[in-house]
Amino acid sequence: MTDACIRAVVESIHSSPTQAVLYLSGGASLALGLLMSVPGASNTVLEAVVPYSRMSMIQLLTKIPAKYCSQQTADEMALLAYNRALKLSSPGSPVLGVGFTGSLATTRPKQGDHRFHLSTRTSDRHWASTVTLSKGLRSRDQEEKVSSYFLLKAIANACKVSSTFDSELTESDVVADECERFFDEDKELEQLINGQICFKVYPFSSDKSNGDRKIILPGSFNPLHDGHLKLLEAATSICGDGYPCFELSAINADKPPLSIPQIKERVMQFEKIGKTVIISNQPYFYKKAELFPGSAFVIGADTAVRLINPKYYDGSYDRMIETLSGCKRTGCTFMVAGRKVDGTFKVLEDFDVPEVLKDMFVPIPAERFRMDISSTEIRRSCGL
């Protein structure tokens, strides 16, 4: 009966829209097998990593943890997994990051408790729990089973799926330090500005994703105007497949970060017209390429000329090549529309793009898109 119940729960998890990244160390390995053995696992599992050795954990966390098996470490793993899931997920899908670290029965007697720490993170919720198992009651296989069942129930809960099977904990086992925190929109944006999360998606569009590739038009959108909409439309028609969206960086390279009210005000523009917008904390394209690998970035000729100008790389031509080659290795391209540069309308063909980078710059012909309008001009005309 338990096997049938577990399979039903896993099927429900796979039927939910949530996509997950799991970082597990020291136990709960059966949970991966349970998730992967039921058809539909690719709907749910984006990535699963087992940082089992000390060096593997250090590289994952990019630091030496105070304790390898602790609630703090599980929380940090879950946040890293959540950010990773954001990068790997289908556009607009709810994502889940899972962190698990355990110290279970092994080949030698242990001085400390047999325990595990678990943490899950979604866009609006963080849940954590520590379980101390009754020492000597179970074999390693049995402790693996208990920790795996407990983990699977936590994943189901995060996916908003009911789980009725028994995790097989006994009265002598101690479930302690369980906590649950919820985040509203303001808190999420605060975490984004502070660098805790890498971006937030507002999936206002009802369009179905046509492939995993994103077609991204970055900008300040102060205000959003018809030129932005027509430009993204033209780029999408040239790409043929992909998910069109806008991207607003809360962090500006030359100005203070946008305030939370400013971000929400600009987001409202996209909500009104049903267009998806991503709020990120990266103003630089080489960082955007890391956040959105394989994406097509839609830019104007004025931006393109800056991208290939060594002046913006401390005067180093080699650094410019190295930086943009890094973007190229992630599979990113730049779709370039004509734009006025110093008062003259310019297109991509007017610039000397280095040979090694030419295939990552794609022209948007003027006959497909030309609108000599800018947010700056609109603000000026409105006296803003």
Side-chain angles (χ1 to χ4, degrees), residues 19 21 60-63 72 75-89 91-97 99 119-128 158 179-205 214 216-224 228 245-272 275-293 295 297-299 303 312 323 327 330 332 375-376 379 384:
Q19 299 184 303
V21 168
L60 176 68
L61 301 177
T62 65
K63 67 175 185 179
Q72 180 181 342
D75 290 346
E76 291 174 359
M77 293 167 75
L79 184 57
L80 286 168
Y82 174 74
N83 278 303
R84 179 70 172 159
L86 281 173
K87 297 175 186 179
L88 298 179
S89 62
S93 295
V95 302
L96 166 65
S119 182
T120 63
R121 169 67 200 249
T122 61
S123 64
D124 61 356
R125 175 179 177 266
H126 170 243
W127 175 88
C179 71
E180 186 175 37
R181 291 184 296 148
F182 291 92
F183 313 115
D184 60 14
E185 182 184 9
D186 285 14
K187 187 62 178 178
E188 269 192 273
L189 292 173
E190 180 186 318
Q191 291 173 347
L192 184 143
I193 292 169
N194 292 339
Q196 292 174 266
I197 60 175
C198 56
F199 60 84
K200 175 175 172 57
V201 181
Y202 289 87
F204 297 132
S205 174
K214 297 180 181 72
I216 301 175
L217 175 56
S220 60
F221 309 112
N222 184 28
L224 174 69
H228 293 132
C245 51
F246 298 88
E247 185 251 343
L248 167 67
S249 176
I251 308 298
N252 191 296
D254 306 311
K255 301 175 185 175
L258 294 177
S259 66
I260 290 173
Q262 285 175 317
I263 295 171
K264 293 170 74 172
E265 182 179 8
R266 295 188 197 183
V267 166
M268 284 179 60
Q269 301 175 105
F270 298 94
E271 185 177 16
K272 289 176 181 176
K275 298 296 182 182
T276 293
V277 61
I278 300 171
I279 311 301
S280 81
N281 54 17
Q282 295 297 345
Y284 301 108
F285 275 103
Y286 74 96
K287 288 293 187 181
K288 293 182 194 291
E290 293 175 4
L291 281 185
F292 312 112
S295 295
F297 291 99
V298 185
I299 61 176
T303 300
Y312 298 97
T323 301
C327 296
T330 69
C332 289
S375 296
T376 301
R379 291 197 304 272
L384 300 176

Close side-chain approach of V277 to E247, heavy-atom, < 4.5 Å: no
Check: Q262 side chain, S259 main-chain N or O, donor-acceptor pair, under 3.5 Å: yes
Sidechain N-carboxylate O distance under 4.0 Å for D186, K264: yes
Heavy-atom side-chain proximity of V95 to T122 below 4.5 angstrom: no
Member of N281, I260, L258 meeting the side-chain contact (heavy atoms from CB on, under 4.5 Å) criterion with I193: I260
Sub-6.0 Å ring centroid separation between H126 and F183: no
Heavy atoms of other groups near E265 CD, more than 12 under 6.0 Å: no
Main-chain N/O of S205 paired to T276 side chain as donor or acceptor, under 3.5 Å: yes
Beyond-backbone contact of I251 with P257, side-chain heavy atoms, under 4.5 angstrom: yes
Test item: Q269 side-chain N/O and L224 main-chain N/O as donor-acceptor pair under 3.5 Å: yes
Interatomic spacing from CG in L217 to CD1 in I278 - rounded to 0.5 Å: 11.5 Å
Polar side-chain atom of S93 near backbone of S89 as donor-acceptor pair, under 3.5 Å: no
Donor-acceptor pair, side chain of N83 and main chain of F199, under 3.5 angstrom: no
Interatomic distance, S119 atom OG to Y82 atom OH [nearest 0.5 angstrom]: 13.0 Å
Spacing of L79 atom CG and T120 atom OG1 [to the nearest 0.5 Å]: 12.0 Å
Lys/Arg cation over aromatic F221: R266, 6.0 Å, 45° cone: no
Atom pair CZ (F204) and NZ (K275), whose distance is rounded to the nearest 0.5 Å: 13.0 Å
Pair K63 + E76: basic N to acidic O under 4.0 Å: yes
OG-NZ distance between S249 and K288, expressed to the nearest 0.5 angstrom: 5.0 Å
Check: Y202 ring centre within less than 6.0 Å of F270 ring centre: no
Euclidean distance, I197 CD1 relative to I279 CD1, rounded to 0.5 Å: 11.0 Å
